[in-house]
*Asks:* 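First the structure, then my questions, so here it is.
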Amino acid sequence: MARILITSALPYINGIKHLGNLVGSQLPADLYARYCRARGHEVMFICATDEHGTPAELAAAKAGKPVAQYCAEMHSVQTELANGFKLSFDHYGRSSSARNHTLTQHLAARLAAAGLIEEVAEKQVYSNADGRFLPDRYIEGTCPNCGYERARGDQCENCTKQLDPIDLINPRSAISGSTDLEVRDTKHLFLRQSKLRDTLDQWIDSQQGWPVLTTSIAKKWLHDGDGLQDRGITRDLDWGVPVQFDGAPWQGMDGKVFYVWFDAPIEYIAATAEWADAQGLDDSAWQRWWREDMGADDVRYVQFMGKDNVPFHTLSFPATLMGANFDKSEPWKLVDYIKSFNYLNYDGGQFSTSLGRGVFMDQALSILPADYWRWWLLSHAPENNDSEFTWENFQASVNKDLADVLGNLVSRVTKFCRSKFGEVVPEGGALGAREAQLVDDLAKGLDSYQKVMDAMMVRRSAQDLRALWVLGNEYLQEAAPWSTFKTDPESAAAQIRLSLNLIRFYAVISQPFIPDAAARVMEAINCDDWSWPDDVASALNMLPAGHAFTVPEVLFAKITDDQRAEWEAQFSGQT
RNA sequence: GGGCCUGUAGCUCAAUUGGUUAGAGCAGAGCGCUCAUAACGCUUUGGUUGGGGGUUCGAGUCCCUCCGGGCCUACCA
């Protein structure tokens, strides 16, 4: 039994996430967490909402609510959706929590003590009308390079040239449209991560088997141009973790908060502390996951994220934790494996929140059960390339895999048994060569499934699982208990007894992918023993003769052509 | 501009890192079964591995070049 710490990239607070966000981090993380628990490992699975930053403030303003209230409400909405998708977080925290405030400030002070914080004087655009400093991309104007009139202050979307906001012609606030802008002096704290470049480089080199996507992005940032750049970790905002606090090792930072990308990953740790608080446990309960000097030395830490998050998780966050341990007194647990994902597109384009294009988490659950989405998304996870959601593919995959291959198998076995033997596991008969063959095939298939699940090969795992389901249909076809029954009812009884056990076997091993359906199957066959089938033969002997069960309702209703057409129109975003 | 990823059957993807005849699922065709959600099983059609050149006994895999798709490029998060 191992101890496995799993974190999913934090979903941002300013709205409901779409399926692309879900499949890029939370869903595969949940798959892995469920699998690890099922194998008997001790798991801590952490996620949280990422609540700070300009977009949160703007979204709150748009909703006409104080930002704290807005975030609290959106957090509960996202919590509900996470529950709806059966994301099995041990804790779903908030980056705005008191725990994160304290820890973020503590780590910043440690970095200062390490000489890794630098105060930098800057000039930044202030909007009088909006009463706030504007991040570069919230300033719009005419591109000095190509004349595009809606260029953003960081980059022109038209000619892709990198810009400085002061280069823009006729600059205006992207928030209010106001042109009443001025350049003000301000100062910010910078994380001197350039000093850790070689350390980070060696650390990444020492990691085994990370996805190319992960290492290539990290290497790019480490070695591109002048190498890893220092990074501002504070912002002139109201909502966030205050930079000025009791005992802060710097002065004159009033009214500033830490940049969301500094405090967000720290929330992984803080959320674990929130978990301990919620459980009524003391600090040692979370420290044994995060402090190598307090019991975390045997923890394996795995992170899941979309590719846009990789730089922060391979560089900034490790730099923060390494820096905080400058005197060897705070050995924080660093990540052991980073599983990163490409993007999911929607029917020939990108998901778009602003255009209402694509399927969002709340909409998805309103039209179909979570398992449908979990299965399709995981079996098509964008591991090597961006992948694409189409309704046609979704319908075909779900109907074939879930309804026909698995659902129908459950149906045909339980209904046959009911009609010939009643709703009870039949007794008598003996297993023969074909049954031994099945056990052998299942053992081989299960071994492969476990290997790819251990390796977090998501699509491959779905394929292997499906292949295991198929073995059941093949067996049934050959054993043909409906024929056997006519001449040798005892043998048919043995075959069906095995088949009913096979259904439990499938529920247990499929649970990480489709937890609701698995639970329904277990309920129907009246079994609550979810123990992993380490030995296939004995796992298929678990439900004894005489054990009562009920025939479950149709596990997966098929998606009809009419439904597909309706949804296709509904979510096209061209209303 | 720079960097990285990618292009394999109509569709979605494999191919143990250079090694026999490039494999699966879906879709299509044929047969079988009749327990089951018109489900299941078996058989089968289908590829000049984006184009071209090169290295090698041998290339989907390595090199060059051209074409196409995507991502990142540090103040959205």
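Quick note on labels: first sequence line is chain A, next is B, and so on, each numbered from 1. As the structure is a computational prediction, the values presented were derived from the model and not from experiment. The basis for the numbers below is simple: all heavy atoms, side chains too, and nothing from hydrogens, waters or symmetry mates.
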*Asks:* Where the side chain of P135(A) is defined as all heavy atoms beyond and including C-beta, which of U34(B), C75(B), C40(B) is the nearest nucleotide?
*Replies:*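 The nucleotide sitting nearest to the side chain is C75(B).
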*Asks:* Given G70(B), is OP1 or OP2 found less than 4.0 Å from the side-chain N or O atoms of K307(A)?
*Replies:*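 Indeed not, no polar side-chain atom of K307(A) lies that close.
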*Asks:* C1' atom, A39(B) versus C35(B): distance in rounded Å?
*Replies:*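 These two C1' atoms come out 10 Å apart once rounded.
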*Asks:* Looking for any heavy atom pair under 4.0 Å, which part of the strands does G227(A) touch: base, sugar-phosphate only, or nothing?
*Replies:*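 Base, at least one base atom sits under 4.0 Å.
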*Asks:* Whole angstroms only, please: what is the CD-C1' distance between Q229(A) and C75(B)?
*Replies:*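 That distance rounds to 14 Å.
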*Asks:* Please determine whether any donor N or O and acceptor N or O are separated by less than 3.5 Å between the side chain of E478(A) and the base of C33(B).
*Replies:*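 Per atom types, no contact qualifies.
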*Asks:* Expressed as a whole number of Å, how far does the P atom of U8(B) sit from that of C57(B)?
*Replies:*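 Per the computed distance, 30 Å lies between those P atoms.
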*Asks:* For A77(B), take OP1 and OP2 only and decide whether either is under 4.0 Å from a side-chain N or O of R137(A).
*Replies:*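 Answer no for this pair, as no side-chain N or O of R137(A) is under 4.0 Å from OP1 or OP2.
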*Asks:* Please classify the nucleic acid contact of E553(A) as base, sugar-phosphate, or nothing, using heavy-atom distances under 4.0 Å.
*Replies:*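 The residue E553(A) makes no contact with any strand.
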*Asks:* With a 3.5 Å limit on both atom pairs, tell me what G41(B) is paired to, counting Watson-Crick and G-U wobble, or say none.
*Replies:*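 The answer is C31(B), by the H-bond criterion.
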*Asks:* Hey, would you say the F190(A) and Y259(A) ring centroids sit under 6.0 Å apart?
*Replies:*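 Not close enough - the centres of the two rings lie 6.0 Å or further apart.
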*Asks:* I need the I16(A) CD1 to M361(A) CE distance, nearest 0.5 Å.
*Replies:*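 Here the interatomic distance stands at 9.0 Å.
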*Asks:* Would you tabulate the side-chain donor-acceptor contacts of residues 491-501 of chain A under 3.5 Å, counting partners in other chains and residues two or more places apart, or write 'none'?
*Replies:*
from	atom 1	to	atom 2	distance (Å)
S491(A)	OG	D488(A)	OD2	2.5
Q495(A)	OE1	T484(A)	OG1	3.3
R497(A)	NH1	P426(A)	O	2.9
R497(A)	NH1	G428(A)	O	2.9
R497(A)	NH2	G428(A)	O	3.2
S499(A)	OG	Q495(A)	O	2.8
N501(A)	OD1	M542(A)	N	3.0
N501(A)	OD1	L543(A)	N	2.6
N501(A)	ND2	R497(A)	O	3.0
N501(A)	ND2	L540(A)	O	3.4
N501(A)	ND2	L543(A)	O	3.2

*Asks:* Could you check whether F485(A) gets within reach of a base, just the sugar-phosphate, or nothing at all, counting any heavy atom under 4.0 Å?
*Replies:*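 Nothing: the residue F485(A), judged by heavy atoms under 4.0 Å, touches no strand.
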*Asks:* Please tell me whether K256(A) and T186(A) have a donor and an acceptor in their side chains that are separated by less than 3.5 angstrom.
*Replies:*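 T186(A) and K256(A) do have a side-chain donor-acceptor pair below 3.5 Å.
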*Asks:* Distance check needed: C26(B) P versus K400(A) NZ, whole Å only.
*Replies:*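 Taking atom P of C26(B) as the reference, NZ of K400(A) is at 5 Å.
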*Asks:* Return the 5'-most residue of the pair Q193(A), A264(A) with respect to RNA chain B, ranking by each residue's nearest nucleotide.
*Replies:*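 The residue mapped nearer the 5' terminus is Q193(A).
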*Asks:* Name the nucleic acid region contacted by V554(A), choosing base, sugar-phosphate or nothing; use a 4.0 angstrom heavy-atom cut-off, strictly under.
*Replies:*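 Touches a base.
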*Asks:* Write down the distance between CZ (R152(A)) and P (A74(B)), rounded to a whole number of angstrom.
*Replies:*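 Going from CZ in R152(A) over to P in A74(B) covers 11 Å.
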*Asks:* Could you tell me the separation between the CD atom of Q124(A) and the P atom of C75(B), rounded to a whole number of Å?
*Replies:*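 Those two atoms, CD and P, are 11 Å apart.
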*Asks:* Given atom CG of N309(A) and atom P of C71(B), what is their separation to the nearest angstrom?
*Replies:*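 Interatomic distance, CG of N309(A) to P of C71(B): 16 Å.
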*Asks:* Does a side-chain N or O from K558(A) land closer than 4.0 Å to OP1 or OP2 of A39(B), or not?
*Replies:*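 Yes, because at least one side-chain N or O of K558(A) sits under 4.0 Å from OP1 or OP2 of A39(B).
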*Asks:* Using the P atoms only, state how far U65(B) lies from A29(B), rounded to an integer number of Å.
*Replies:*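 Straight-line distance between the two P atoms is 46 Å.
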*Asks:* Is R459(A) close enough to C13(B) that one of its side-chain N or O atoms is under 4.0 Å from OP1 or OP2 there?
*Replies:*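 The answer is yes; a side-chain N or O of R459(A) sits under 4.0 Å from OP1 or OP2.
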*Asks:* How many whole angstroms separate atom CG of L228(A) from atom P of U73(B)?
*Replies:*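 Roughly 14 Å, once rounded to whole Å.
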*Asks:* Under 4.0 Å between a side-chain N or O of R231(A) and OP1 or OP2 of C75(B)?
*Replies:*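 R231(A) to C75(B) OP1/OP2: side-chain N or O found under 4.0 Å.
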*Asks:* Just how far, in rounded Å, is C1' of C72(B) from CG of L213(A)?
*Replies:*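 It is 10 Å, rounded to the nearest whole Å.
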*Asks:* Under 4.0 Å from OP1 or OP2 of A77(B): is there any side-chain N or O of Y259(A) that close?
*Replies:*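 So the side chain of Y259(A) is within the cut-off, an N or O lying under 4.0 Å from OP1 or OP2 of A77(B).
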*Asks:* Using the C1' atom in both, what is the distance from G46(B) to G30(B), to the nearest Å?
*Replies:*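 Looking at atom C1' only, G46(B) and G30(B) are 15 Å apart.
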*Asks:* Determine the Euclidean distance between corresponding P atoms of G7(B) and G50(B); express it in Å to zero decimal places.
*Replies:*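 Result for the P pair: 8 Å, nearest Å.
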*Asks:* Is there a donor and acceptor pair closer than 3.5 Å between the side chain of N408(A) and the base of A39(B)?
*Replies:*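 No such pair is found, so the answer is no.
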*Asks:* I'd like the C1' distance from C26(B) over to C71(B), given in whole Å.
*Replies:*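 So the two C1' atoms sit 28 Å from each other.
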*Asks:* Can a salt bridge be assigned to the pair D464(A) and R460(A) using a cut-off of 4.0 Å between side-chain N and carboxylate O?
*Replies:*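 Yes.
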*Asks:* Checking understanding here: a glycosidic angle within 90° of 0 is syn, the rest anti, so what is U17(B)?
*Replies:*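 That one's syn.
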*Asks:* Is D308(A) touching bases, backbone alone, or none of the nucleic acid, heavy atoms closer than 4.0 Å?
*Replies:*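 Base contact.
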*Asks:* Counting Watson-Crick and G-U wobble pairs only, both distances under 3.5 Å, name the nucleotide matched with G7(B), or none.
*Replies:*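 WC or wobble partner is C67(B).
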*Asks:* Nearest heavy atom decides the nucleotide; on that basis, is S379(A) or P55(A) closer to the 5' end of RNA chain B?
*Replies:*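 Looking at the nearest nucleotide for each, S379(A) comes out on the 5' side.
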*Asks:* Less than 4.0 angstrom between a side-chain N/O of Y475(A) and OP1 or OP2 of C40(B), yes or no?
*Replies:*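 For C40(B), neither OP1 nor OP2 has a side-chain N or O of Y475(A) closer than 4.0 Å.
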*Asks:* Applying a 4.0 Å non-hydrogen cut-off, can you work out what G53(A) is touching in the nucleic acid: base, sugar-phosphate, or nothing?
*Replies:*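 Sugar-phosphate contact only - G53(A) comes under 4.0 Å of backbone atoms but never of a base.
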*Asks:* What does E474(A) touch in the nucleic acid at a heavy-atom separation under 4.0 angstrom: a base, only the sugar-phosphate, or nothing?
*Replies:*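 Sugar-phosphate contact only.
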*Asks:* Let's test this: given Watson-Crick or G-U wobble pairing with both distances under 3.5 Å, identify the partner of C76(B).
*Replies:*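 Base partner found: none.
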*Asks:* Parallel, tilted or perpendicular for W375(A) and W469(A), by the 30°/60° rule?
*Replies:*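 Tilted: the ring planes of W375(A) and W469(A) meet at 30° to 60°.
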*Asks:* Using atom CG of L402(A) as one end and atom P of C26(B) as the other, report the distance to the nearest whole Å.
*Replies:*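 One finds 14 Å between P of C26(B) and CG of L402(A), rounded.
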*Asks:* Is there a side chain to side chain donor-acceptor pair (under 3.5 Å) between W391(A) and Y346(A)? Walk through the geometry before answering.
*Replies:* CA-CA 9 Å; W391(A) 286 98; Y346(A) 179 81; 2.8 Å; yes
*Asks:* With a non-hydrogen cut-off below 4.0 angstrom, is L555(A) in contact with a base, only sugar-phosphate, or nothing?
*Replies:*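 It contacts base atoms.
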*Asks:* Under 5.5 Å between ring centres and under 30° between planes: true for F416(A) and the base of C35(B)?
*Replies:*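 A stacking contact does not exist, since F416(A) is not both close and nearly parallel to the base ring of C35(B).
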*Asks:* Expressed as a whole number of Å, how far does the C1' atom of U16(B) sit from that of U12(B)?
*Replies:*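 Each nucleotide's C1' atom is 22 Å from the other's.
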*Asks:* Would you please say whether a donor-acceptor pair under 3.5 Å links the side chains of Y268(A) and H313(A)?
*Replies:*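 Yes - a donor-acceptor pair under 3.5 Å links their side chains.
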*Asks:* For K558(A), is there an ion pair with D404(A) - N to carboxylate O distance below 4.0 angstrom?
*Replies:*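 K558(A) and D404(A): salt-bridged.
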*Asks:* Could you give the distance separating A27(B) and G10(B) at their C1' atoms, to the nearest angstrom?
*Replies:*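 To the nearest whole Å, 8 Å.
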*Asks:* Which part of the nucleic acid, if any, lies within reach of P481(A) when heavy atoms closer than 4.0 Å are counted: base, sugar-phosphate only, or nothing?
*Replies:*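 No contact.
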*Asks:* Looking at every strand, decide which applies to V413(A) at a 4.0 Å heavy-atom threshold: base, sugar-phosphate, or nothing.
*Replies:*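 If one applies the 4.0 Å heavy-atom cut-off, V413(A) turns out to touch nothing in the nucleic acid.
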